[in-house]
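Only a predicted model underlies this, so the values are computations on that prediction, with no experimental measurement involved. All residue numbers refer to positions in the sequence shown, counting from 1.
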Amino acid sequence: MRKHIVAGNWKMNNDLAQTKSLISELKKQHQTSNAEVMIAPSFTNLMSAFEALKGLEIQVIAQNMHFAESGAYTGEVSADMLKSIGVQTVILGHSERRAYFNETDELLAKKVDSALKSKLRVIFCFGEELKDRKAGNHETIVESQIKNALFHLKANAFESIVMAYEPVWAIGTGETASPEQAQEMHAFIRKTLANEYGKEVADSISILYGGSVKPSNAKEIFSKPDVDGGLIGGAALNAEDFYAIVNAF
Ligand code: PEP
């Protein structure tokens with residue numbers, strides 16, 4: 001079902017003590033909200049995040065996983081391992097995974113399958129690079145990322161998919177897509193989904209925007225009709241900023 005979601009991607013930040021400290025700051029800011037609120041600490045701190053957040057409506061989610069069920073994949077973590085500690089949602093396809101770990105659409109299709117098989121919800125990230133935007137190819141790139149990684153799925157699988165449009169040029173750069181650019185792309189994404197799966201499916205999917213969302217721009221971005229929330233990087237590392245963004249709904 002389409003929902004408002006604000007998810008904080010902590011990336012490779014915060015050791016155990018810092019995780020506990022940020023969570024205690026988040027708890028001070030927490031109040032009932034119109035959005036589902038999620039944080040994605042590193043693998044090593046997922047368990048302590050769960051413990052620290054017991055009873056609160058802040059979901060603890062994972063930043064990544066391997067596609068295999070188990071086996072000789074040193075250093076990797078499987079969907080079932082995440083499930084076994086209570087994780088319900090995993091971020092897949094983040095542009096940093098694509099850029100630094102060579103994650104391709106084909107690999108991501110396998111990860112999506114594995115996550116869904118283990119009944120994890122997927123926040124699927126995609127977005128164009130600056131050169132694509134400058135060349136006017138942004139829609140073609142985004143369409144192919146979505147098709148290649150997701151269009152082998154049956155329509156009902158989209159009950160467990162959240163889309164996260166993150167233009168690479170806006171991630172961690174301080175440069176945000178304008179609310180109009182975000183809306184234009186989100187509408188295009190919904191149209192792409194509608195063409196393949198029908199309007200009902202497309203209208204039921206949450207599409208998040210990610211890329212330098214901050215307290216000062218969240219309200220305007222979230223006011224756009226096809227923007228259902230945000231995937232937040234830098235600003236998620238500060239409890240006050242993160243909750244200012246959550247409260248923008
Ligand atoms: C992200 O990493 O998903 C992200 C959107 O980062 P930032 O908010 O820092 O641009």
Side-chain angles (χ1 to χ4, degrees), residues 1-3 5-12 19 35-98 100-126 145-166 193 196-197 201-202 204-208 210 228-229 231 236:
M1 206 185 68
R2 190 157 160 192
K3 287 177 179 154
I5 296 171
V6 178
N9 174 13
W10 290 9
K11 312 191 183 189
M12 199 173 71
T19 296
E36 270 188 56
V37 181
M38 306 176 182
I39 56 165
S42 62
F43 286 137
T44 55
N45 295 316
L46 289 170
M47 280 300 282
S48 52
F50 274 119
E51 271 156 37
L53 286 167
K54 233 176 235 160
L56 269 192
E57 290 157 342
I58 299 178
Q59 297 169 43
V60 179
I61 71 172
Q63 298 177 18
N64 180 35
M65 50 164 259
H66 196 269
F67 62 81
E69 280 177 27
S70 62
Y73 297 100
T74 301
E76 294 290 336
V77 169
S78 73
D80 282 348
M81 288 174 185
L82 294 175
K83 264 307 254 207
S84 73
I85 61 162
V87 171
Q88 313 261 21
T89 301
V90 61
I91 298 170
L92 293 178
H94 192 280
S95 66
E96 288 148 18
R97 301 283 329 161
R98 292 175 188 260
Y100 308 142
F101 301 94
N102 302 320
E103 294 200 358
T104 60
D105 293 344
E106 291 67 32
L107 176 86
L108 290 167
K110 290 207 245 179
K111 288 194 176 201
V112 168
D113 288 346
S114 173
L116 296 181
K117 191 168 173 222
S118 295
K119 308 247 174 305
L120 285 170
R121 176 159 64 158
V122 172
I123 298 182
F124 179 73
C125 305
F126 53 94
Q145 288 172 326
I146 296 173
K147 281 189 172 165
N148 293 342
L150 300 181
F151 276 13
H152 62 288
L153 298 172
K154 297 215 170 83
N156 64 359
F158 282 85
E159 287 163 19
S160 303
I161 306 271
V162 171
M163 309 291 281
Y165 168 60
E166 298 207 303
L193 292 165
E196 186 70 14
Y197 292 101
V201 171
S204 70
I205 294 175
S206 299
I207 308 178
L208 315 185
D228 301 308
L231 185 56

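Here CD1 of I123 is found 9.0 Å from CG of N9. Values are rounded to the nearest 0.5 Å. Here the CZ atom belonging to F124 is positioned 9.5 Å from the CZ atom belonging to F158, to the nearest 0.5 angstrom. In this structure, CD1 in I146 is found 11.0 Å from CD1 in I161, a value given to the nearest 0.5 Å. Distance CG/N64 to CD1/I91: 9.5 Å, rounded to 0.5 Å. Atom NZ of K147 and atom CD of E196 lie 7.0 Å apart (nearest 0.5 Å). Going from atom OG of S78 over to atom CD of E69 covers 8.0 Å, rounded to the nearest 0.5 Å.
Scanning all heavy atoms of the two residues, the minimum distance from L107 to E103 falls at CD2-CG, 3.6 Å. Residues A62 and F43 come closest through the heavy atom pair CB-CE2, 4.2 Å. Nearest heavy atoms, A68 versus Y73: CB-CE1, 3.4 Å. Nearest heavy atom pair, residue M1 against residue S206, reads O-OG, 4.1 Å. Between P41 and I61 the shortest heavy-atom distance is CD-O, 3.7 Å.
Formation of a donor-acceptor pair under 3.5 Å by the D228 side chain with backbone atoms of K3 is not found in this model. In terms of modelled atom types and a separation under 3.5 Å, the side chain of S204 and the main chain of V201 share a donor-acceptor contact. Distance alone, capped at 3.5 Å, places no donor-acceptor pair between the R97 side chain and the Q63 backbone. Between the S114 side chain and the K111 main chain, no donor and acceptor come within less than 3.5 Å of each other.
For the pair D105/R98, a side-chain contact is recorded, criterion being any heavy-atom separation below 4.5 Å from C-beta on. Between I85 and V60, the closest side-chain pair of non-hydrogen atoms is not below 4.5 Å. Using a 4.5 Å cut-off on side-chain heavy atoms (C-beta onward), M65 and E76 make no contact. Within the 4.5 Å cutoff, the side chain of K83 has heavy atoms near those of the L120 side chain.
Under the side-chain contact (heavy atoms from CB on, under 4.5 Å) test applied with V122, the options D113, V162, L116 reduce to a single match, L116.
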Query raised in the report: Does the side chain to side chain contact (heavy atoms under 4.5 Å, CB included) test come out yes or no for T19 and W10, once each step is laid out?
Result: CA-CA 10 Å; T19 296; W10 290 9; 3.7 Å; yes
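Ring pair F126/Y165 is tilted by interplanar angle, where 30° to 60° counts as tilted.
Using a cutoff of 4.0 Å between basic side-chain nitrogens and carboxylate oxygens, E36 and R121 are scored as salt-bridged.
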